[in-house]
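Proteins get letters first, then strands, A, B, ... in listed order; numbering begins at 1 in each. FYI, side chains are in, hydrogens and waters are out, and symmetry mates aren't considered; it's all heavy atoms of this structure.
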Protein chains: 2
Amino acid sequence: MSRTIRTDGPIPVYVQIADYIAADIKAGRIKPGYAIPSETSMVQEFGVARDTARRAVQHLRDQGLVRTIPHRGTFVEPVDAAE
Amino acid sequence: MSRTIRTDGPIPVYVQIADYIAADIKAGRIKPGYAIPSETSMVQEFGVARDTARRAVQHLRDQGLVRTIPHRGTFVEPVDAAE
DNA sequence: CTGTATTTGTTCGTATGTATT
DNA sequence: AAATACATACGAACAAATACA
């Protein structure tokens, strides 16, 4: 898995991260009801600030792909929820 | 012992706390094998958030001065471990 | 064996300041 | 000016392991 983050291009870092996770969801690598990586693990995995990781999660929420439960995590929605 | 925390300067609070504890270690006030103050006690003593106390401990770990045992505490390493 | 207290682990929420683009 | 990104800091909730009475 490349999962390279580019800061020199036109695509915001948070969108790039969200896209990676969205791809995981759509490919079934993270199934409905299961948690996506925590903000902290995104920070570690992608080497970004937590602020950026949060934006990525927000982006996924905006697309209806996930739902966050405070202090628990962010979970993949049922497949039909993102339509 | 002053141990004043300054929030108006350029030195992060967590670094200031770590420096205080590092000084205690280097002065022999906390000996190898013994525990440094818990996160909770740092919160109380310095009036900071736990997040900040944890950063201070992390900073000490990064310097090789201490080692954390989960659910037990954080302990001073042997003197030669920090070289 | 059974609680209770202590301690670190983990997670998201919120805010501020700075720098860069 | 506005959006993006990083770093710092405080809050809050709950989990889990450990230690001990």
Gap between atoms [atom1] and [atom2], on [X] and [N] respectively (whole Å):
X       : N      : atom1 : atom2 : answer
A:His71 : C:dT11 : NE2   : P     : 13 Å
B:Arg54 : C:dT10 : CZ    : P     : 7 Å
A:Gln58 : C:dT14 : CD    : C1'   : 13 Å

- Query: Whom does D:dA1 pair with, Watson-Crick or G-U wobble, provided both distances fall under 3.5 Å?
  - Reply: none

Under a 4.5 Å side-chain heavy-atom rule over Ile, Leu, Val, Met, Phe, Trp and Tyr, are [X] and [Y] clustered together?
X       : Y       : value
B:Tyr14 : B:Val66 : no
A:Leu65 : A:Val76 : yes
B:Val15 : B:Ile5  : no

- Message: I need the residues from residues 32-44 of chain A with at least one non-hydrogen atom less than 4.0 Å from DNA chain C; give them sorted by number, or say none.
- Response: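 Contacts with DNA chain C under 4.0 Å: A:Ser38, A:Glu39.
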
Verify, without hydrogens or angle tests, whether [X] (side chain) and [Y] (backbone) share a donor-acceptor contact under 3.5 angstrom.
X       : Y       : value
B:Lys26 : B:Ala23 : no
B:Tyr20 : B:Thr4  : yes
B:Gln16 : B:Ile11 : yes

- Message: Counting the atoms with a prime plus P, OP1 and OP2 as sugar-phosphate, which does A:Val48 contact under 4.0 Å by heavy atoms, base, sugar-phosphate, or nothing?
- Response: sugar-phosphate

- Query: What is the nucleic acid contact for A:Thr7, judged by heavy atoms within less than 4.0 Å: base, sugar-phosphate only, or nothing?
  - Reply: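 Touches nothing.
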
- Item | Covered region of DNA chain D, 5' end to 3' end, by chain B [heavy atoms, under 4.0 Å] | D:dT8 to D:dA19

- Message: Does either side chain, that of A:Arg55 or that of A:Gln58, offer a donor lying less than 3.5 Å from an acceptor on the other one?
- Response: no

- Scan side-chain atoms only and decide if A:Thr68 and A:Arg61 contain a donor-acceptor pair under the 3.5 Å cut-off.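 Side-chain D/A pair, A:Thr68 to A:Arg61: present.
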
- Item | Comparing A:Arg6 and B:Arg72 on DNA chain D - which has the more 5′ nearest nucleotide | A:Arg6

Polar atoms only, N or O, under 3.5 Å: list the protein pairs with nucleotides 17-21 of chain C and their distances.
none

- Message: Please find the pair of heavy atoms, one from B:Ala53 and one from B:Val43, that lie closest to each other, and give the distance.
- Response: CB-CG2, 4.3 Å

- Below 4.5 Å, heavy atoms only, C-beta onward: do A:Phe75 and A:Ile36 meet side chain to side chain?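 With C-beta onward as the side chain, the pair stays apart.
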
- So, B:Arg3 and B:Asp24, do they make that salt bridge, N to O below 4.0 Å?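 A salt bridge links B:Arg3 with B:Asp24.
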
